Amino acid sequence: MENNYHVCTGCALLCDDIEVGSEKNKINKVFTACRIGMAHMKEGKGEAIFRVDNKSVDEATAINEAVTILRNAKKPLIFGLGASTSETQKIAIKLAKKINATLDDNSSFCLGGVVETLIKNEMKTCTLDDVRNKADVIIYWGTDPSDSHPRLLSKYSYFPRGKEKQRGWEEERTAIAVDVRKSHTAKISGNYFFQIPPKGDEEFIDAVIAGLSGKLPKTSYNYPPKKLLELANILKGAKFGVIFVGCGLIYSLESLESLSRLMKVLNEKANIHLMAMVGNYNSMGFNENLFAETGYLNSVKFENGIVKHGPEYSIVESLKAKTVDAALIVDSDPFSILPRSIVKNLQEIPVVSIDPYETLTSRHSKVYINTAISGVEAGGTATRMDRVKVSFEPVIEANRPSDEAILKKIMEAL
Amino acid sequence: MDFGSFLTSPEIKVKIITCRDIFQEKAMIENHFGEDYINHSAVIKLDPADLKQLNVKKGDTVIVKNSFGRIVVKAEESGYETPHRGIAFMPKSPWPNMLVSDETGGMGVPRFKDISANVTSAKGEKITEMESLF
Ligand code: SF4
């Protein structure tokens, strides 16, 4: 297997230059990957585990129990799938249709709004390869890729020599961070770190727009106008700029209106693109696949051929309002990622968890099916955060079924 | 007898902002229930002046609570040069999620990065175990 390049599914960058060494069907060396990717690639070693009520059972029993739960449910929820292959996602969408389920992924409480503007071509975007080859001004706003997408700066956005950027970061690229704290990424941005108070983003955007329009930029928190004007000037001069948008920015805005306004004004004067820092490796794929099928990215409910959509069909609102009576969770851990005040309601309904990892969710599930890690033990396709399609083969032989195989069996049995 | 335990400890109000941490993420991949993951998750990063006011040293445990929950986590200095009294940071994990409000305005988005809570010394109480979160 050595000297073959593999794809890392550790985050939505889907790095495709990973080399590994393996012994006895276990990856013991990983080259080129970041700290997260390294740990991720080495995890492929699991034995199949099937549990019902926390007791070990065989595969058929676990699937039967899952089928019974879904069959008895009047208002099932299917959630997760951001860390599943597109093939698995498409089966889940079919399944949701078949059983009249509510279907959602975590984009509904993260970056779904921004991703929607990108999928609908409402904001100017580009690929990561464009960023590597051309970008001269790069803004990380409310995001810390050094911790979340660790190779973004080294592989694409700041350090590499690109086709039209042979002199790289030292002379030809400016990295800017806007954040409420001096994150690792903000440190790299040096003098171009703009620290704003929590919830200060909206005003900061308005101030930048004022600066771009030749007005005096003002904020209620007295951000130095000189620095704001300096930022506006850098942005104005961008030949190929990109804003990487994270949850830090999105959670602080009332709506995306100010961000679109900023993009509009910026693109009257310069050439600026936008990219969403989606976390899970195929969250973008889920949004695209569901959009292709229904015209919506997330938070849908199928009802006898009709698709309903709205925040009331998001996992958060469905659990809060207790409008679902069973849950199939695929490759996600809502017990860890959602507020307890909301996810506690999952404890009142039967949960089927399909996941390569034992998690708080798998431990609180009636049925737990431990599956292969896609990208390590199972192949498939996914969509990178910049909407480029990537396919991958399994790196090692799996001792456990893929989530795709399990969903197929559940689907057939239903 | 430890008279200190009868004295009320100073309490401060904080806004908690959750964030990502590469070391925590790596630890989670290796074992969602492992010590390494817990040590990187059950942590609150405070301004040194807030630590002083609380009368706790870095590494001591503190109680962080609000009407949604109560957790005991380790207090650390944030290490940020700019003072940020009253603002604390936690890596996103089930621990801060104990304190996130269920108020979403019907929009499906909890306020993960805007958690109001009170912090006080835990007087040696141990970190809240993951098993007791649910
Ligand atoms: S940056 Fe993401 S895709 Fe690349 S090696 Fe790290 S975890 Fe894997």
Side-chain angles (χ1 to χ4, degrees), chain A residues 10-11 34-36 38-40 42-43 104 108-110 112-113 142-144 146-148 150 180-184 195 197-199 246-248 250-252 279 298-299 310-318 320 333 335-344 347 357-360 362-364, chain B residues 15-34 36-37 41 45 47 66-71 78-82 84 86-89 91-115 130-131 133-134:
Chain A
C11 79
C34 69
R35 194 179 290 273
I36 293 173
M38 185 120 48
H40 174 74
K42 285 186 180 170
E43 276 306 294
D104 194 24
S108 68
F109 55 89
C110 292
T143 176
D144 176 21
S146 302
D147 280 65
S148 61
V180 297
R181 68 188 174 106
K182 196 168 188 174
S183 66
H184 291 127
Q195 183 162 4
K199 295 263 169 204
C247 287
I250 297 310
Y251 288 163
S252 135
N298 51 32
S299 311
E312 63 273 37
Y313 305 115
S314 67
I315 181 164
V316 166
E317 301 304 335
S318 308
K320 218 179 122 177
D333 181 14
F335 275 88
S336 291
I337 61 177
L338 286 179
R340 185 186 177 279
S341 56
I342 290 162
V343 83
K344 66 179 184 345
Q347 288 177 289
Y357 299 102
E358 294 236 23
T359 62
L360 273 177
S362 73
R363 290 209 175 162
H364 284 91
Chain B
K15 283 258 183 214
I16 301 167
I17 299 176
T18 54
C19 40
R20 299 282 291 262
D21 175 343
I22 184 170
F23 295 96
Q24 180 218 21
E25 190 117 349
K26 172 195 172 261
M28 184 188 75
I29 292 168
E30 288 171 346
N31 184 353
H32 284 65
F33 300 93
D36 203 18
Y37 174 60
S41 302
K45 297 178 183 179
D47 186 286
N66 61 16
S67 57
F68 297 96
R70 174 194 189 270
I71 49 173
S78 70
Y80 300 131
E81 299 137 41
T82 323
H84 57 90
I87 296 173
F89 300 93
K92 62 175 209 169
S93 83
W95 282 268
N97 275 336
M98 291 288 287
L99 309 171
V100 179
S101 164
D102 63 355
E103 192 39 67
T104 55
M107 295 313 289
V109 189
R111 290 153 77 167
F112 294 104
K113 288 180 183 279
D114 182 16
I115 309 168
M130 202 186 307
E131 286 71 21
L133 297 179
F134 286 95

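Throughout, a chain's letter reflects where its sequence line sits, starting with A, and its residues are numbered from 1. Because the structure is predicted, anything quoted here is derived from the model rather than measured.
- B/L99 does not touch chain A: none of its heavy atoms, backbone or side chain, sits under 4.5 Å away.
- Ranked by heavy-atom pairs under 4.5 Å with chain A, the first of B/S93, B/G108, B/G105 is B/G108.
- Rounding to the nearest 0.5 Å gives a distance of 14.5 Å between CG of B/L133 and NZ of A/K344.
- With rounding to the nearest 0.5 angstrom, the NE2 atom of B/H32 is 8.5 Å from the OG atom of A/S362.
- Between chain B and the residues A/G310, A/P311, A/S341, the most heavy-atom pairs under 4.5 angstrom are made by A/S341.
- Interface remark: A/K199 contributes side-chain atoms only to the contact with chain B (heavy atom separation under 4.5 Å).
- Looking at A/C110, neither its backbone nor its side chain comes within 4.5 Å of chain B, counting heavy atoms on both sides.
- At a 4.5 Å heavy-atom cutoff, the contact between B/F33 and chain A is made by side-chain atoms alone.
- Atoms CZ and SG, from A/R181 and B/C19 in turn, are 4.0 Å apart once rounded to the nearest 0.5 Å.
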side-chain contact (heavy atoms from CB on, under 4.5 Å) between A/E317 and B/T104: does it pass, once the steps are laid out? CA-CA 8 Å; A/E317 301 304 335; B/T104 55; 2.5 Å; yes

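- Closest approach of A/S336 to B/N97, counting heavy atoms only: O-ND2, 2.6 Å.
- Neither the backbone nor the side chain of A/S318 comes within contact range of chain B; no heavy atom of the residue lies under 4.5 Å from a heavy atom of that chain.
- For A/Y313, no part lies under 4.5 angstrom from a heavy atom of chain B.
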Take A/S252 and B/K113, measure what side-chain contact (heavy atoms from CB on, under 4.5 Å) needs, and give me the verdict at the end. CA-CA 8 Å; A/S252 135; B/K113 288 180 183 279; over 6 Å; no

Walk me through whether B/V109 and A/V316 qualify under side-chain contact (heavy atoms from CB on, under 4.5 Å). CA-CA 7 Å; B/V109 189; A/V316 166; over 6 Å; no

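- Among A/A39, A/P150, A/G279, A/P197, the residue making the largest number of heavy-atom pairs under 4.5 Å with chain B is A/A39.
- For A/E358, the parts lying under 4.5 angstrom from a heavy atom of chain B are both the backbone and the side chain.
- Remark: B/R111 pairs with B/D114 by the salt bridge (charged side-chain N to carboxylate O under 4.0 Å, His left out) rule, at least two apart or across chains.
- In this structure, the portion of A/D333 lying under 4.5 Å from any heavy atom of chain B is its side chain and not its backbone.
- Chain A forms the most heavy-atom pairs under 4.5 Å with one residue out of B/G79, B/G106, B/A27, B/P110, and that residue is B/G106.
- Residue A/I250: no heavy atom, backbone or side chain, is found under 4.5 Å from chain B.
- Aromatic ring pairs are classed by plane angle as parallel below 30°, tilted from 30° to 60° and perpendicular above 60°; the pair A/F109 and B/F112 is tilted.
- A donor-acceptor pair is defined here as one N or O able to donate and one able to accept, closer than 3.5 Å; no such pair exists between the side chain of A/S314 and the backbone of B/M107.
- Within the 4.5 angstrom heavy-atom criterion, only side-chain atoms of B/E131, from C-beta onward, approach chain A.
- Here the straight-line distance linking atom NE2 of A/H40 with atom CE of B/M28 works out to 11.0 Å at 0.5 Å rounding.
- Around the CD atom of A/Q347, the shell of radius 6.0 Å holds more than 12 heavy atoms that belong to other residues, nucleotides or ligands.
- Between B/I22 and A/S146, the shortest heavy-atom distance links the atoms CD1-O, 3.8 Å.
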List the steps and the verdict of side-chain contact (heavy atoms from CB on, under 4.5 Å) for B/T82 and A/K182. CA-CA 8 Å; B/T82 323; A/K182 196 168 188 174; 6.0 Å; no

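- Each salt bridge (charged side-chain N to carboxylate O under 4.0 Å, His left out) pair with one or both residues in residues 18-28 of chain B, not counting sequence neighbours, appears once here: B/R20-B/E25, B/K26-B/E30.
- The two residues B/S101 and A/I342 make their nearest non-hydrogen contact at O-CD1, 4.4 Å.
- For A/H184, no part sits under 4.5 Å from any heavy atom of chain B, backbone or side chain.
- Looking only at heavy-atom pairs under 4.5 Å with chain A, the residue among B/F68, B/W95, B/F23 that has the most is B/F23.
- Between B/K15 and A/P198, the closest side-chain pair of non-hydrogen atoms is not below 4.5 Å.
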